[in-house]
Structure formats: C-alpha cells, structure tokens
Amino acid sequence: GMDDLDGGPKRGAPWKRMSKEELENQYSPSRWVVRLGAEEALRTYSQIGNEATKRAQATGRNLLDVPYGDGEGEKLDIYFPEAVSEALPFLMFFHGGYWQSGSKDSSAFMVSPLTAQGVAVVIVAYDIAPKGTLDQMVDQVTQSIVFVQKQYPGNQGIYLCGHSAGAHLAAMMLLANWTEHGVTPNLKGFFLVSGIYDLEPVMHTSENASLLTTLEVAQRNSPQWHLQTAPTQPVDPACRILVTVGQHDSPEFHRQSRELYQTLRRGGWKASFEELHDVDHFEILWNLTQKDYVLTQIILKTIFQES
C-alpha cells in the first residue's frame, strides 16, 4: 500500500519527533549555507537577482508591470527573445521568500540564458503576507497562468518554475481546476526548485505562525497532502515535472522534495528528481544566471525535448 513504499509518510513524519529548535533550524534555509554567512548569503542572493533583473530590463525586449488581475499586486513582467513570435515556449517564474518577502523586480535570474535560446520568460508578482493569504496567492498564480494562455494562445508550451515558497505555489497548480477559469493552459512542464510541499511542519516555526493559522489552511494549501489523500490524474500525462533540491539544502527540504517526487510517480505523473551537486538553497537559483549551469541546461533540454 501507500504506506510501505520507501518508508513513506504514513510511518510518522520525522519532523514530529523534532524539538522546536530543531524544526526552526530545518526550516531556516539561510542557516544551511556553506560558503557564506546567513546574512551575506541573503544579501548576495538579492544583489544577483537585482543585477540580473536590471540587465534583463535594459535589453528593451520586455513588457513590464503587465496587469494579470485587478489587484495592485497582480502584475507580471514578460521578457522576450530577439525573434518574437506568437509560437514561443513561455517559462513562468514564481519567486520565493517564505510567502512574505521577495519580489518580481529582483527575480529575473534565468532571463538572459533562456531568452538567448528562444524562450519567453514571465516573472510573476503575487501579494505576499501579510497583505496576501496563502489562498489568495494560489489564486493569483492561477490567474497569472490563465492570463498568459489567453494572451498567447499559440504558445508552444507553458512551463512553471518556482523556487522555495514559489515552488510550493507552482506545485499547487498540479491541482488547479482549469475548467472554472474557462481556459486550459498548455502546461508542458514544472521545475520545482527547493520547495516545501507539506505545510504542516511550517506551522510550528516562528516564521509562519501568522500565515498558517490552522491545520485546515495548511492542508488545503499542501500539494503533498492533496496528492496523497486524493491522487490527481495528470491532465496531460506527457507533462514533465522536475523536483530538484540543492545538496546543501536542509534534510527536511530534501525529505519534502523526495516525498513529493515519490507521490507524483505513484500517481502516474512523469516526474524526475535531481539533487544538484554542491549548491545551497540560494545558489541553486542564482546560478540560473549562467547558461552552462546544470539546471539551466536541464530546463532548456526539457523545453526543447532533447533528452
């Protein structure tokens, strides 16, 4: 049964046996960085994101602050390759920051290497807490995808990429009910980078006490919980899902990624798992500024179907 595969989640999750301090530690990614101090890692991460975004905006092949909804925070930036055509693949990126920090304006890490190869990149803003609730954020991400599909119906595939809290939001799209939005987006792939997919343990950390007020909110917004309790069939069985984590991410981040991957495989999704060598929670994303970085290459090969 479900509970005996790879010592699955039914055996009692290891986080339930952790002290408050240990749990706090496991869910504080900056405490696990290896090359820099925590503060310095976060500073470098924003700096690289800011610089990459300035460079991407300077090319002029972009549409900035495009509204995808009526809310003030419901905006996205679209970066185009030189040869603009209707039939482009689109990669949509959702930033991390524990649902309470981060911005599209410092998150264009992968724009330059992807647009150079003919991929349009969309960086999406959503209302972070305390302004936005998790339910709202999930709804905004859904709306942003519907907007891109309606705006570019001839697209060659929409690929969702999220980092950390953004990977959680992207993974929630595996469960989206598109019929109620009147359009089924041409989703071809998911790149889930160092994410959290079961929010229950996060309820017990100081960071997120205000965000995850009840177990019901945590479960409703946990893709892992939904996929386990009511397995969802893939709308498109060919849609690829890459679950990836950095070697220097915390053991809990590793466990969360591995369990999501195993659950997806059991549910018939075309999922693969990749632990990226010698990178931490922040480097795994900031290295996407480099075209020869392993994750950049995996993304391009997936989009252009070269296995």
Side-chain angles (χ1 to χ4, degrees), residues 63 66-71 73-78 86-95 99 104 119-127 132-163 165-193 195 197 199 217 219-243 260-261 263-272 299 302-303 305:
L63 297 169
V66 178
Y68 63 79
D70 301 329
E74 297 173 348
K75 303 271 200 298
L76 48 78
D77 297 335
I78 310 176
E86 163 77 349
L88 292 168
F90 284 78
L91 178 121
M92 298 183 67
F93 179 70
F94 308 98
H95 70 78
W99 306 280
K104 75 172 172 54
V119 180
V121 180
V122 182
I123 313 284
V124 180
Y126 53 90
D127 282 320
T133 64
L134 276 167
D135 293 304
Q136 277 171 299
M137 294 175 213
V138 170
D139 187 58
Q140 288 175 332
V141 166
T142 311
Q143 281 183 59
S144 73
I145 298 164
V146 166
F147 173 83
V148 169
Q149 179 63 39
K150 285 185 170 166
Q151 210 63 18
Y152 303 98
N155 71 73
Q156 283 191 331
I158 294 176
Y159 296 82
L160 306 184
C161 178
H163 172 244
H168 158 267
L169 294 170
M172 285 296 287
M173 297 303 106
L174 296 165
L175 310 156
N177 177 0
W178 300 110
T179 47
E180 64 189 39
H181 295 275
V183 61
T184 301
N186 184 22
L187 289 177
K188 290 278 178 74
F190 288 72
F191 304 105
L192 306 175
V193 184
Y197 310 106
L199 303 191
V217 169
Q219 288 181 339
R220 186 168 64 238
N221 289 289
S222 291
Q224 178 65 42
W225 186 82
H226 285 279
L227 290 162
Q228 234 165 265
T229 48
T232 317
Q233 287 307 297
V235 180
D236 174 4
C239 179
R240 296 174 176 212
I241 304 166
L242 170 72
V243 183
L260 181 75
Y261 160 70
T263 303
L264 287 167
R265 286 297 295 257
R266 284 198 289 267
W269 298 80
K270 196 169 182 180
S272 54
I299 289 172
T302 304
I303 292 175
Q305 297 294 309

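If you read the sequence from its start, that first residue is 1, and numbering goes on from there. Please read these numbers as outputs of a predicted model, since none were measured by experiment.
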Tell me, do N221 and H168 make a side-chain contact under 4.5 Å, heavy atoms counted? yes
Side chain to side chain contact (heavy atoms under 4.5 Å, CB included) for Y159 and V119? Distances and angles first, verdict last. CA-CA 10 Å; Y159 296 82; V119 180; over 6 Å; no
Is there a side-chain contact between V124 and L169 (heavy atoms, below 4.5 Å)? no
Side-chain contact, heavy-atom cut-off 4.5 Å: M92 with V148? yes
Spell out, as yes or no, whether a donor-acceptor pair under 3.5 Å connects the side chain of Y68 to the backbone of A125. yes
List in chain and number order the residues that pass side-chain contact (heavy atoms from CB on, under 4.5 Å) with S272, two or more places apart in sequence or in another chain; answer none if no residue qualifies. L242
Taking all atoms of both residues into account, what is the closest heavy-atom pair of L175 and P223, and its distance? CD1-CA, 3.9 Å
A167 to G195 - nearest heavy-atom pair and separation: CB-CA, 3.6 Å
What is the ring orientation for H95 with Y126, classed by angle as parallel under 30°, tilted 30 to 60°, or perpendicular over 60°? parallel
Checking Y152 against L88 for the side chain to side chain contact (heavy atoms under 4.5 Å, CB included) test, could you report, in this order, the C-alpha distance in whole Å, the side-chain angles of both residues, the deciding distance, and whether it holds? CA-CA 9 Å; Y152 303 98; L88 292 168; over 6 Å; no
State, to 0.1 Å, how close D135 and R220 come at their nearest heavy-atom pair, and which atoms those are. OD2-NH2, 2.7 Å
Look at atom CG of D70 and say whether more than 12 heavy atoms of other residues, nucleotides or ligands are closer to it than 6.0 Å. no
On a heavy-atom basis, which atom in W269 and which in L227 lie closest, and how many Å separate them? NE1-CD2, 4.2 Å
Rounded distance (nearest 0.5 Å) linking atom CD1 of I123 with atom OG of S144: 11.5 Å
Give, for atom CZ of F94 and atom SG of C161, the distance between the pair rounded to the nearest 0.5 Å. 9.0 Å
Nearest-0.5 Å distance that lies between atom OG1 in T302 and atom CG in L91: 10.5 Å
Rounded to the nearest 0.5 Å, what's the gap from CG on N155 to NZ on K150? Could you check? 14.0 Å
Flag the pair R240 / Q305 as yes when at least one side-chain heavy-atom distance between them is below 4.5 Å, and no otherwise. yes
What are the two closest heavy atoms between L192 and A170, and how far apart are they? CD2-CB, 3.8 Å
Let me confirm one number: the CG-CD1 distance from L264 to I241, rounded to the nearest 0.5 Å. 4.5 Å
For the side chain of Q140 and the backbone of D127, is there at least one donor-acceptor N/O pair under 3.5 Å apart? yes
Going by heavy atoms in the side chains, are W225 and L199 under 4.5 Å from each other? no
Are F147 and V66 packed together at the side-chain level, in the sense that at least one heavy-atom pair is separated by less than 4.5 angstrom? yes
For the NE2 atom of H181 and the CD1 atom of I145, what is their distance to the nearest 0.5 Å? 9.5 Å
Close side-chain approach of T142 and M173, heavy atoms under 4.5 Å: yes
Identify the two heavy atoms, one from K104 and one from L76, that lie closest to each other, and give their separation to 0.1 Å. CD-CA, 4.2 Å
Hey, does the side chain of H226 reach the backbone of L174 with a donor-acceptor pair shorter than 3.5 angstrom? no
Heavy-atom donor-acceptor pair, Q149 side chain to N186 backbone, under 3.5 Å: yes
